Novice: 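Take this structure, written in structure tokens, and hold onto it; I'll ask about it next.
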2 protein chains.
Amino acid sequence: MRPHAGLPELAERLRRCSRKATGPRQSILEILRRQAHPLSIKEIFAALPEGGGDLATVYRSMHLLEGMAMVKRFDLGDGVARFELLVEGDDGHHHHLVCTRCAGVVEIEDCFIHELESRVASRNGFKAVTHKLEFFGICPACQNP
Amino acid sequence: MRPHAGLPELAERLRRCSRKATGPRQSILEILRRQAHPLSIKEIFAALPEGGGDLATVYRSMHLLEGMAMVKRFDLGDGVARFELLVEGDDGHHHHLVCTRCAGVVEIEDCFIHELESRVASRNGFKAVTHKLEFFGICPACQNP
DNA sequence: GTCCCTGCAAATGGTTTGCAGGCGG
DNA sequence: CCGCCTGCAAACCATTTGCAGGGAC
């Protein structure tokens with residue numbers, strides 16, 4: 001995976017879209033930049049510096065960043081949205097293997113479904129077909145308590 | 001797909017687990033029995049006969065039925081749980097192709113992921129690995145408005 | 001100076017729960 | 001009869017929104 005851009009470059013990407021590189025937004029991007037795994041809104045909010053932003057602001061920021069394709073939203077099936085920072089120009093398509101005991105997450109690099117995707121699309125006459133796929137299981141650490 | 005059991009047989013399955021075959025539960029099973037596609041709680045509730053049950057009762061019933069493996073829960077990514085009736089002894093594993101415009105659902109019979117599943121499991125040392133996979137696209141009807 | 005953003009608080013929508021009475025087995 | 005179930009209402013949790021003041025450019 002390509003390394004993420006530095007904070008100044010991320011801020012630049014915001015300004016390029018006539019969006020403001022405000023304090024809370026830079027904090028959020030910095031938090032995501034340090035994380036290999038998807039973070040929930042609550043986790044991001046908790047990692048914010050003291051008084052560094054409001055929960056509603058985090059929600060609004062994630063919406064904005066998602067719309068700009070600067071972050072990608074993942075649904076790990078527990079009713080909580082999670083986000084990962086995107087490398088510019090990458091669509092961030094990949095999957096996760098989630099431990100159902102400790103909620104730990106492993107990134108799965110390969111995506112093996114694109115061929116199936118086109119088969120599913122043509123068989124049913126659908127266009128613009130995408131997919132969501134996540135794996136669940138019990139991680140090594142949780143197998144021996 | 002094997003046809004679903006009749007209502008008496010479904011009621012029998014409840015009693016076998018010392019659960020009561022009450023009015024609301026039978027109504028819910030009857031509604032699901034007629035449906036090929038997953039139904040949301042709201043949809044089930046709306047299909048109930050006049051005064052045939054409370055919304056909370058539907059939630060509680062779906063929980064119970066899911067625990068008994070009489071229904072399967074699906075998450076189509078819109079924050080609403082949906083349910084399908086299960087044939088006894090079947091785990092109901094399959095996937096859906098969802099139209100992002102009209103929310104129509106096509107059932108995808110084959111599951112082609114089980115081999116990948118074991119590969120993902122052994123590579124990462126996980127046990128009991130399962131997966132969730134749903135496809136999204138634009139259905140034929142919605143392509144020509 | 002102009003809008004975009006923020007903080008606060010209240011609203012929303014899906015889902016869960018506490019409680020007292022009711023019905024199935 | 002006993003305990004599982006139900007209806008009603010209130011609680012919960014993630015997320016969204018209205019509003020007025022404040023800051024980035």
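For the numbers below, each heavy atom of this structure counts, side chains included, while hydrogens, waters and symmetry mates do not. Predicted model only: the values in this text are computed from it and were never measured. Chain letters run A, B, ... following the sequence lines, proteins first, then strands; residues in each count from 1.
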Novice: Do B:Phe136 and B:Ile113 land in one hydrophobic cluster if side-chain heavy atoms of ILVMFWY residues count as linked below 4.5 Å?
Specialist: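 Shared cluster, no.
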Novice: Is any NZ, NE, NH1 or NH2 atom of the basic residue among A:Arg34 and A:Glu30 found under 4.0 Å from an Asp or Glu carboxylate oxygen of the other?
Specialist: yes
Novice: Which residues in residues 6-27 of chain B have a heavy atom closer than 4.0 Å to any atom of DNA chain C?
Specialist: B:Arg15, B:Lys20, B:Ala21
Novice: Are any non-hydrogen side-chain atoms of B:Thr130 and A:Thr100 less than 4.5 angstrom apart?
Specialist: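 Side chain of B:Thr130 against side chain of A:Thr100, heavy atoms only: no contact under 4.5 Å found.
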Novice: Using whole Å, what does the distance between atom P of nucleotide D:dT15 and atom CD of A:Glu43 come to?
Specialist: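 It works out to 11 Å between those atoms.
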Novice: Taking the side chain from A:Glu134 and the backbone from A:His96, do they hold a donor-acceptor pair closer than 3.5 Å?
Specialist: yes
Novice: Between the side chain of B:Asp90 and the main-chain N/O of B:Leu86, is any donor-acceptor distance below 3.5 Å?
Specialist: no
Novice: Would you sketch DNA chain C in dot-bracket for me? Only Watson-Crick or G-U wobble pairs with both distances under 3.5 Å count, crossing pairs as [ ], other-strand pairs as |, the rest as dots.
Specialist: |||||||||||||||||||||||||
Novice: Could you tell me if the ring centre of B:His114 sits under 6.0 Å from that of B:His93?
Specialist: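 Ring-ring flag for B:His114/B:His93: true, centres closer than 6.0 Å.
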Novice: Do the side chains of B:Leu29 and B:Met70 get nearer than 4.5 Å, heavy atoms only?
Specialist: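 Yes, close enough: below the 4.5 Å cut-off.
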Novice: Quick test of your reading: applying salt bridge (Lys or Arg N to Asp or Glu O under 4.0 Å), list the pairs with at least one residue in residues 56-66 of chain A, sequence neighbours left out, ordered by first then second residue.
Specialist: A:Glu66-A:Arg73
Novice: Please identify each residue that fulfils side chain to side chain donor-acceptor pair (under 3.5 Å) with A:Arg123, with sequence neighbours left out.
Specialist: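 Side chain to side chain donor-acceptor pair (under 3.5 Å) check on A:Arg123 returns B:Asp110.
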Novice: Taking any atom closer than 4.0 angstrom to a non-hydrogen atom of chain A, what span of DNA chain C does the protein reach, first nucleotide to last?
Specialist: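 The protein-touched segment is C:dC3 to C:dA9.
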Novice: Identify, between B:Gly52 and A:Ile41, the residue whose nearest nucleotide on DNA chain D lies closer to the 5' end.
Specialist: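 Closest to the 5' end, via its nearest nucleotide, is B:Gly52.
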Novice: Can you confirm whether or not the ring centre of A:Phe83 sits under 6.0 Å from the ring centre of A:His63?
Specialist: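 Not under 6.0 Å, so no.
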Novice: Please check: side-chain N/O of B:His94 versus main-chain N/O of B:Gly92, any donor-acceptor pairing under 3.5 Å?
Specialist: yes
Novice: Over how many whole Å does the gap from A:Arg82 atom CZ to D:dA14 atom C1' extend?
Specialist: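 Rounding to the nearest Å, CZ of A:Arg82 and C1' of D:dA14 are 12 Å apart.
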Novice: Establish, from distance only, whether the side-chain atoms of A:Glu107 and A:His37 form a donor-acceptor pair under 3.5 Å.
Specialist: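 Note: A:Glu107 and A:His37 side chains meet the donor-acceptor criterion.
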Novice: I'd like to know if the side chain of B:His95 and the backbone of B:Leu133 have a donor-acceptor N/O pair within less than 3.5 Å.
Specialist: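 Yes.
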Novice: When you measure from every atom of DNA chain C, which of residues 55-66 of chain A have a heavy atom less than 4.0 Å away?
Specialist: A:Ala56, A:Thr57, A:Arg60
